[in-house]
Amino acid sequence: MASLHDDIERVLWTEEEISARVSEIGTAVAADLEGSSSAGVVFVGVATGAFLFLADLVRRVGRLPVEVDFVRAESYGSGTESNGAPRITCDVKVDLRGKHVLLVEDIVDSGNTLSCLISHLEAKGASSVSVCTFLDKPARRKVHFKLVGDGKFYRGFEHEED
Ligand SMILES: O=P(O)(O)OC[C@H]1O[C@H](OP(=O)(O)OP(=O)(O)O)[C@H](O)[C@@H]1O
């Protein structure tokens, strides 16, 4: 079985840099969502890519009470180009009505997946939808997404290369 490390061409950020950045985001998210905690805060990870970032983030939000769930959206075939029509193949189980959702991604590229998932979570009754992505590639954006309510956009790192 291939190792996760077999695909790594070069290191962009060290473990220490990533850890420090995730701590900064966790602190910011906790401060922003503290006042919303009585309504309920749900972190929704986009499976499967976001699972490690989500786990790291949850450990960095201090005492903010959060529920955790996952959603899966499939937009890529065997290649690396989005086909523009993500399909939700595994949905959240938590009741999102009236709650504040933080959608946690590993990468935002074309924006197709995010746009689809934000609409989906809004339709499930979330009163706000924020987004937190480990990596953002704004130069590759094809779809502009709109956050819900007083939702915010958090990014760990920005990268312009393919
Ligand atoms: O902005 P977009 O162009 O929509 O691309 C971003 C999406 O693509 C990747 O998921 P992928 O479909 O590769 O699934 P995976 O996380 O299970 O690998 C990534 O995890 C995002 O969900």
Side-chain angles (χ1 to χ4, degrees), residues 1-15 17-19 21-26 28-29 33 41-61 66-94 96 99-126 128-149 151-162:
M1 191 174 138
S3 154
L4 277 176
H5 294 191
D6 291 348
D7 284 341
I8 295 175
E9 187 181 299
R10 65 196 163 96
V11 173
L12 296 173
W13 301 284
T14 65
E15 188 174 347
E17 288 169 329
I18 291 171
S19 177
R21 185 71 190 115
V22 176
S23 289
E24 284 176 0
I25 299 173
V29 165
L33 289 174
V41 173
V42 188
F43 284 10
V44 176
V46 184
T48 54
F51 80 101
L52 286 174
F53 179 46
L54 174 63
D56 286 347
L57 193 62
V58 168
R59 283 187 280 239
R60 306 307 216 293
V61 294
V66 300
E67 290 179 276
V68 173
D69 206 341
F70 286 91
V71 67
R72 182 187 290 268
E74 291 181 8
S75 56
Y76 295 165
S78 53
T80 56
E81 286 296 322
S82 169
N83 64 16
R87 200 165 51 94
I88 292 165
T89 54
C90 184
D91 207 349
V92 290
K93 299 284 192 295
V94 170
L96 300 181
K99 295 181 182 170
H100 297 271
V101 171
L102 181 74
L103 188 55
V104 182
E105 263 285 21
D106 58 345
I107 301 173
V108 180
D109 193 353
S110 70
N112 276 321
T113 305
L114 204 52
S115 174
C116 162
L117 288 176
I118 290 170
S119 300
H120 180 69
L121 299 177
E122 182 178 22
K124 284 184 158 289
S128 76
V129 180
S130 296
V131 169
C132 183
T133 183
F134 175 76
L135 183 67
D136 188 18
K137 293 183 160 187
R140 287 175 54 91
R141 202 78 85 242
K142 290 180 185 154
V143 174
H144 290 282
F145 49 85
K146 193 171 164 293
L147 302 170
V148 176
K152 295 191 174 170
F153 184 76
Y154 308 88
R155 71 163 72 86
F157 298 94
E158 201 172 301
H159 193 55
E160 298 299 349
E161 296 170 29
D162 280 349

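Just follow the structure's listing: the first ligand is 1, and inside any ligand the first atom is 1. The shown structure was predicted, so the numbers you read here are calculated from the model rather than taken from an experiment.
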Steps toward salt bridge (Lys or Arg N to Asp or Glu O under 4.0 Å) verdict (Lys93, Asp69): CA-CA 7 Å; Lys93 299 284 192 295; Asp69 206 341; over 6 Å; no

Nearest option to atom 20 (O) of ligand 1, as decided by whichever heavy atom of Asp106, Thr48, Thr133 sits closest: Asp106

Contact atoms of ligand 1, heavy-atom distance to Ser110 under 4.0 Å: 1 (O), 2 (P), 3 (O), 4 (O)

Proximity flag Glu105 to ligand 1, non-hydrogen atoms under 4.0 Å: yes

Enumerated ligand 1 atoms positioned under 4.0 Å from heavy atoms of Gly49: 16 (O)

Short side-chain to backbone donor-acceptor contact, Arg21 and Arg155, under 3.5 Å: yes

Residues Arg72 and Thr89: side-chain donor-acceptor under 3.5 angstrom: no

Ser23 side chain to Ser19 backbone, donor-acceptor under 3.5 Å: yes

Main-chain N/O of Phe134 paired to Asp106 side chain as donor or acceptor, under 3.5 Å: no

Contact (N/O only, under 3.5 Å) between Ile107 and ligand 1: no

